[in-house]
Amino acid sequence: MPYRAIHTLLAVVLVLIAATNPALAHSEEVYGGGFVAGFTHPILGWDHVAAMVAVGLWGAFLGAPAIWILPVVFPLVMALGAVAGIVGIPVPAVETGIAFSAVVLGLMIVFAAKPPIWVAAIIVGAFAIFHGYAHGTELPSTVNAFAYAIGFVFSTGLLHLCGIAFGLLVKWPAGRIVVRSAGGLISIAGVAFLTGIA
């Protein structure tokens, strides 16, 4: 997809956020409370932020169609993981899976890995289960579950877009170095999450 379209999409998202805030102020308990809680859940967790930005970065590295497929696969599978968490289906090693997602996705960027799109989608989707499950199990009892889900899917999409926007630097040789370095930092952060340092 042309880069101009990406910039247009980012602008539309920002306008939607600006337009949504006043509406939420009128219905905080019924709808906005769930949306805000869901929206802030991914962005207040560095482990979620690292992995979700990495999905966008890796997608940008892979180019079309991965640049759009991966950021679609992740939220969709994440929503299924959230349902599993809400209904209480056991998923082992959730926090380890979340931390490991930053390690693996960061390394994919560092090494500029370009597997077939279906392989990349499976990798991203597998990790999305852990992130979604964490969102689902931490659903506040006082909020609307649907609004909560819309919130965390929306903010996850924004984090993917941030990764894509930064990842567009790969158009230039120096930009590729910067993006791959960012992948390295994400991977190191993942190790810190795994070991409990961060």
Side-chain angles (χ1 to χ4, degrees), residues 1 6 9 41-43 45-85 89-138 149 152-171 175-195 198:
M1 180 174 287
I6 295 172
L9 181 59
H41 194 265
I43 62 178
W46 285 110
D47 47 0
H48 294 304
V49 171
M52 292 167 184
V53 170
V55 169
L57 283 173
W58 194 27
F61 232 118
L62 292 172
I67 194 171
W68 296 114
I69 290 178
L70 298 187
V72 170
V73 167
F74 192 95
L76 288 178
V77 179
M78 185 181 67
L80 296 177
V83 171
I89 298 174
V91 172
V94 173
E95 293 302 323
T96 300
I98 291 172
F100 203 56
S101 68
V103 176
V104 172
L105 292 173
L107 288 177
M108 293 295 162
I109 299 164
V110 169
F111 294 109
K114 293 187 175 181
I117 182 61
W118 65 270
V119 173
I122 288 176
I123 292 172
V124 167
F127 287 130
I129 293 173
F130 296 108
H131 289 268
Y133 192 85
H135 297 327
T137 55
E138 296 174 21
F152 71 67
V153 167
F154 193 62
S155 61
T156 296
L158 289 178
L159 291 171
H160 291 335
L161 284 175
C162 288
I164 291 171
F166 188 73
L168 294 180
L169 292 173
V170 298
K171 291 188 299 181
R176 290 179 64 87
I177 295 174
V178 172
V179 173
R180 293 176 74 171
S181 298
L185 292 175
I186 290 172
S187 188
I188 291 172
V191 172
F193 300 143
L194 272 175
T195 58

Search all heavy atoms of [X] against all heavy atoms of [Y] and return the closest pair with its distance.
{"X": "Ile123", "Y": "Met108", "result": "CD1-CE, 4.1 Å"}
{"X": "Leu62", "Y": "Lys114", "result": "CD2-CA, 3.5 Å"}
{"X": "Ala134", "Y": "Ile98", "result": "CB-CD1, 3.7 Å"}
{"X": "Ala54", "Y": "Ile186", "result": "CB-CD1, 3.9 Å"}
{"X": "Thr156", "Y": "Pro75", "result": "CG2-CG, 4.3 Å"}
{"X": "Val110", "Y": "Gly183", "result": "CG2-C, 3.5 Å"}

At what distance, to the nearest 0.5 angstrom, does [atom1] of [X] lie from [atom2] of [Y]?
{"X": "Trp118", "Y": "Ile122", "atom1": "CH2", "atom2": "CD1", "result": "5.0 Å"}
{"X": "Asp47", "Y": "Glu95", "atom1": "CG", "atom2": "CD", "result": "6.0 Å"}
{"X": "Cys162", "Y": "Leu57", "atom1": "SG", "atom2": "CG", "result": "10.0 Å"}
{"X": "Phe61", "Y": "Leu169", "atom1": "CZ", "atom2": "CG", "result": "10.5 Å"}
{"X": "Leu194", "Y": "Thr96", "atom1": "CG", "atom2": "OG1", "result": "6.5 Å"}

_His135 and His48 aromatic ring geometry - parallel, tilted or perpendicular at 30°/60° bounds_ = tilted
*What do the steps show when you test Leu159 against Ser155 for side chain to side chain contact (heavy atoms under 4.5 Å, CB included), and what is the final call?*
CA-CA 6 Å; Leu159 291 171; Ser155 61; 5.5 Å; no
*Neighbour count >12 (heavy atoms, 6.0 Å) for atom CZ, Phe100*: no
*Do Ile177 and Ser181 touch side chain to side chain, with heavy atoms closer than 4.5 Å?*
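When only atoms from C-beta onward are counted, Ser181 and Ile177 do touch, with a gap below 4.5 Å.
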_Set out, in order, the CA-CA distance, both residues' side-chain angles and the distance that settles side chain to side chain contact (heavy atoms under 4.5 Å, CB included) for Val77 and Phe127, then state yes or no._
CA-CA 9 Å; Val77 179; Phe127 287 130; over 6 Å; no
Can any side-chain N or O of [X] pair as donor or acceptor with the backbone N or O of [Y] at less than 3.5 Å?
{"X": "Trp58", "Y": "Ala113", "answer": "yes"}
{"X": "Ser187", "Y": "Gly184", "answer": "no"}
{"X": "Tyr133", "Y": "Pro92", "answer": "no"}

*asked:* Does Ile67 form a side chain to side chain contact (heavy atoms under 4.5 Å, CB included) with Leu168? I'd like the steps, not just the answer.
replied: CA-CA 10 Å; Ile67 194 171; Leu168 294 180; 4.3 Å; yes
*Under the side chain to side chain contact (heavy atoms under 4.5 Å, CB included) rule, what do Val103 and Phe193 come out as? Steps first, then yes or no, please.*
CA-CA 9 Å; Val103 176; Phe193 300 143; over 6 Å; no
